[in-house]
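Comments concern the structure below.
Naming convention: chains lettered A, B, ... in sequence-line order (proteins, then strands); numbering from 1 in each chain.
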Amino acid sequence: MLSALQNPRYAAAQLLNFGLILSTAFMMWKGLSVISDSPSPIVVVLSGSMEPAFQRGDLLFLWNRNWMEETKVGEIVVYNVKGKDIPIVHRVVRKFGIGSKAKLLTKGDNNLADDTELYARGQDFLVREDIIGSVVAYIPFVGYVTIMLSEHPWLKTVMLGLMGLMVVLQRE
Amino acid sequence: MASQEKVSVYNLADLKNTTDDALPNYLNSLSFTQSHTLSDMRLAIGYTAFAICAATFYWDYTYGFESTKLYTAAAVAVYTLLNGILTFWIFYVEKGSVYIGTLKTGEKISVTSEISKFKPVYRLRVTTWASKDAVGVTRKVEREFKDWFDGKGQFVALPFQQMLASSVALIGKCDPQRVVSKEVEKEKVEDNKTMDEKWASLLAESTGVEASETTPVKGKKRSKK
């Protein structure tokens, strides 16, 4: 166990085990990003604005390539508003024009009004490149862990610390 | 040192790791020079992969996803390849290698170890080369861990070293003091048997009746009733 740390090669190997677990997780995430062409291919629903389709904590899988057809009305998309970091999951309800310049309007199924209020100042519509992906699959509720973690940040520290300790002390 | 540490005797992985750690210590204490090429190669591959991941993280964090997409795709491909090589290296090149070392006289030794999941048996494959160009001779040694762990899980060096010295000729040559010849072991076993017999006869003498005679007497009594 701890004695392994006295030999530099063992220490390096233990550290590598830990590093490879982290880096493999990161690279799998990036691989998924590259395949789906989306900077964030998996997102967690944070609000109830798309109920009853999605609840808080649902895990969504995104696809950001227009292979067969363009993004169309009725599709549920995730977009980023300029200047805001939180991605929003809403449905496309209006579309004017075609191609990358098409003007898109979105609205949450559970909201009374469309999203013009949510957009950045002076922005009345979205274009294709604002969108980071269309929802193609979802798993209910499993994302709730991340909501817990972001609402109670100290849980993150505790979890990371425990994981690190386990990997360093275990050897198999 | 690992040898001073207690392990759970029910934890096979601990038993194996402690023994794996003790083996290089012993062989290095003889005149072997250990070669670290295999493990260094593994570390090099692993840390290269990790460095690529760290670089990807850096450019993704500072320049965003869109502008670095192509680099990220390339990095993911290279990382996957390196990880594949690493897996191949561990399973097909290292194959559980514990020690590779040479003597100044040119002899070479390579030791790999493995265990099966629920059997407390340490399985060694020892290959020795008499000189640089000689063909290697492989010997398999299988011993139970109880031979060199006591009941409390303490590693006992002497029997382990004797086991190695007496089952591998090259090690025995370097450490003749620890060679236990098989004849001595056999004699010990024979001695044990005679001791049992002696004990039995002693018992018989003290009770006055031999064990084999008592049972038929009881049987006769029952049959009469």
>> Do the side chains of A/E75 and A/R91 get close enough for a salt bridge, i.e. N-O under 4.0 angstrom?
In response: no
> Hey, are the side chains of B/I100 and B/T37 touching, using non-hydrogen atoms and a 4.5 Å cut-off?
Replying inline: no
> Can you pull out the residues in residues 15-28 of chain A with any heavy atom less than 4.5 Å from chain B?
Replying inline: A/L15, A/L16, A/G19, A/L20, A/S23, A/T24, A/F26, A/M27
> Mind checking whether B/F160 and B/Y122 have parallel, tilted or perpendicular rings, split at 30° and 60°?
Replying inline: tilted
>> Only heavy atoms, only distances under 4.5 angstrom. Which residues in residues 31-66 of chain A are near chain B?
In response: A/G31, A/S33, A/V34, A/D37, A/S38, A/P39
>> Could you tell me if the side chain of B/W89 sits less than 4.5 Å from the side chain of B/E94, heavy atoms only?
In response: yes
> Stepwise, does the side-chain hydrogen bond (donor to acceptor under 3.5 Å, both in side chains) test hold for A/Y119 with A/T106?
Replying inline: CA-CA 10 Å; A/Y119 298 155; A/T106 54; 2.7 Å; yes
> What do the steps show when you test B/Q162 against B/R178 for side-chain hydrogen bond (donor to acceptor under 3.5 Å, both in side chains), and what is the final call?
Replying inline: CA-CA 5 Å; B/Q162 282 174 338; B/R178 295 223 163 74; over 6 Å; no
>> For A/Y79, run the side chain to side chain contact (heavy atoms under 4.5 Å, CB included) check against A/E129, A/R128, A/H90 and tell me which one passes.
In response: A/H90
> Given A/T116 and A/D114, is the side-chain hydrogen bond (donor to acceptor under 3.5 Å, both in side chains) satisfied, shown in steps?
Replying inline: CA-CA 6 Å; A/T116 31; A/D114 61 39; 2.6 Å; yes
>> Check A/R9 with B/D40, please: is the shortest side-chain N to carboxylate O separation under 4.0 Å?
In response: yes
>> With rounding to the nearest 0.5 angstrom, report the OG to NZ distance, B/S35 to B/K108.
In response: 7.0 Å
> Under the side-chain hydrogen bond (donor to acceptor under 3.5 Å, both in side chains) rule, what pairs show up with a residue in residues 95-105 of chain B, not counting sequence neighbours?
Replying inline: B/N28-B/Y99, B/T105-B/E107
>> Out of B/G46, B/A49, B/S39, return the one with the most heavy atom pairs under 4.5 angstrom to chain A.
In response: B/G46
> Within residues 67-79 of chain B, which positions have a heavy-atom distance to chain A below 4.5 Å?
Replying inline: B/K69, B/T72, B/A73, B/A75, B/V76, B/Y79
>> In terms of relative ring orientation, are A/Y144 and A/F141 parallel, tilted or perpendicular, with 30° and 60° separating the classes?
In response: parallel
> Taking B/R139 for the side chain and B/S167 for the main chain, is one N or O donor matched with an acceptor at less than 3.5 Å?
Replying inline: yes
